Colleague: 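Would you mind keeping the following structure in view while I ask a few things?
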Amino acid sequence: TRTSGWKQTVASCSISEAIMEQDICSDGCGHVEHMLLFAFLVESSGCEFREQLPFLQSQGVLCSLKEAHSYDSDGELQTDGNRSGHLQNGELVLDPEVNEEIIRTIAAQLAEIGDQLDKQIKAKVVNDLVQQFLNENLPREEITRCLSQAVEGLARAIPSDLEQEKAMLVLAMLLTKKVANRVPSLLQRVFSTTVNYISQHLHNYIVQMLRE
């Protein structure tokens with residue numbers, strides 16, 4: 001099942017990827033986005049690179065939100081003296097014991113939507129994006145812009161009842177899967193680019209989803 005697949009993949013994530021950490025925002029942002037995208041790929045059908053996922057997700061990143069917090073003498077979570085489960089300095093603070101479950105649940109819902117939209121994405125869109133990702137001379141900002149353009153174009157072209165932010169989030173993550181399916185060696189680069197994209201453009205929406 002998808003749930004057992006998630007647990008097995010998470011359990012095997014023990015290889016650190018320093019390049020991934022460098023590609024994601026250097027100030028430490030993007031951890032929730034990183035975990036959400038990883039869970040989306042685990043939950044999605046048709047991931048032909050599934051065996052590569054353990055090498056993609058490092059144990060350090062997966063546990064980063066948990067390790068960033070401290071506990072009081074009663075075992076309750078504290079962050080700079082404040083309880084979790086609220087916005088602090090504009091960032092969502094989550095209880096570590098529910099963090100994985102919340103993210104996995106949301107990812108499964110988004111993966112279902114992605115499976116429904118999958119066949120509506122034209123091969124040319126994916127092929128063009130693959131060629132851009134294969135160009136190693138493109139800086140991160142430029143390749144992120146290319147992904148953003150592809151997502152926005154698909155959001156306009158594909159009829160959907162989804163709210164705009166959700167549609168763009170699903171499409172960005174779906175493109176990650178489709179590009180990696182086409183060229184598995186691009187998995188790390190497209191993954192980190194997508195994390196950057198959703199961190200920049202959809203962070204507030206993700207925070208809202210996690211709070212609901």
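Note that the structure is predicted; figures quoted are calculated from it, not measured.
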Colleague: Please report the interatomic distance CG(N204) to CE(M209), rounded to the nearest 0.5 Å.
Modeller: 11.5 Å
Colleague: Would you give the length of the straight line joining atom CG of L41 to atom CG of N181, rounded to the nearest 0.5 angstrom?
Modeller: 9.5 Å
Colleague: Is a donor on one side and an acceptor on the other found under 3.5 Å between the side chain of T193 and the backbone of R189?
Modeller: yes
Colleague: Looking at OG1 of T105 and CD of E100, how far apart are the two atoms once the value is rounded to the nearest 0.5 Å?
Modeller: 10.0 Å
Colleague: Using side chain to side chain contact (heavy atoms under 4.5 Å, CB included), reason through D115 and K177 one step at a time and then give a plain yes or no.
Modeller: CA-CA 11 Å; D115 289 345; K177 182 185 79 171; 3.9 Å; yes
Colleague: Taking C-beta and beyond as the side chain, do M173 and I113 meet within less than 4.5 Å on heavy atoms?
Modeller: no
Colleague: Would you indicate whether Q120, at its atom CD, is surrounded by more than 12 heavy atoms from other residues, nucleotides or ligands within a distance under 6.0 Å?
Modeller: yes
Colleague: L186 and V130: which non-hydrogen atoms are nearest, and at how many Å?
Modeller: CD1-O, 4.0 Å
Colleague: Which heavy-atom pair separates Q52 from P184 by the least distance, and what is that distance?
Modeller: NE2-CB, 3.3 Å
Colleague: Counting neighbours of CD on E136 that are heavy atoms of other residues, nucleotides or ligands and sit closer than 6.0 Å, is the number greater than 12?
Modeller: no
Colleague: Please evaluate residues Q131 and D128 with respect to the criterion side chain to side chain contact (heavy atoms under 4.5 Å, CB included), reporting the C-alpha separation (whole Å), side-chain torsions for both, the decisive distance (0.1 Å), and the verdict.
Modeller: CA-CA 5 Å; Q131 294 306 311; D128 289 347; 5.6 Å; no
Colleague: Would you call H201 and M168 a side-chain contact if the rule is heavy atoms closer than 4.5 Å?
Modeller: no
Colleague: Taking C-beta and beyond as the side chain, do L110 and K166 meet within less than 4.5 Å on heavy atoms?
Modeller: yes
Colleague: Using 0.5 Å steps for rounding, measure from the OG atom of S44 to the CZ atom of R50.
Modeller: 7.5 Å
Colleague: Hey, are E152 and S148 close enough side-chain-wise for a donor-acceptor pair under 3.5 Å?
Modeller: yes
Colleague: With side chains defined as the heavy atoms from C-beta onward, is the minimum distance between E163 and Y205 less than 4.5 Å?
Modeller: yes
Colleague: Of the non-hydrogen atoms in A150 and V125, which two are nearest, and what is the gap between them?
Modeller: CB-CG1, 4.5 Å
Colleague: Rounded to the nearest 0.5 Å, how far apart are CD of Q116 and CG of L162?
Modeller: 8.5 Å
Colleague: Kindly give the heavy-atom pair with the smallest separation between I206 and V32, and that separation in Å.
Modeller: CG2-CG1, 4.0 Å
Colleague: For a 4.5 angstrom cut-off between non-hydrogen side-chain atoms, does F38 reach I103?
Modeller: no
Colleague: Are Y197 and E33 packed together at the side-chain level, in the sense that at least one heavy-atom pair is separated by less than 4.5 angstrom?
Modeller: no
Colleague: Just so I know, are the side chains of L175 and V190 near enough to count as touching, which here means a heavy-atom distance under 4.5 Å?
Modeller: no
Colleague: Who are the side-chain contact (heavy atoms from CB on, under 4.5 Å) partners of D161, not counting sequence neighbours?
Modeller: none
Colleague: Kindly indicate whether the side chain of L129, heavy atoms from C-beta on, has any atom under 4.5 Å from the side chain of Q132.
Modeller: yes
Colleague: Nearest 0.5 angstrom please: S192 OG to R140 CZ, how far?
Modeller: 8.0 Å
Colleague: With distance as the sole criterion, is a donor-acceptor pair present between the side chains of T144 and N196 under 3.5 Å?
Modeller: no
Colleague: Which heavy-atom pair separates A172 from I198 by the least distance, and what is that distance?
Modeller: CB-CG2, 4.2 Å
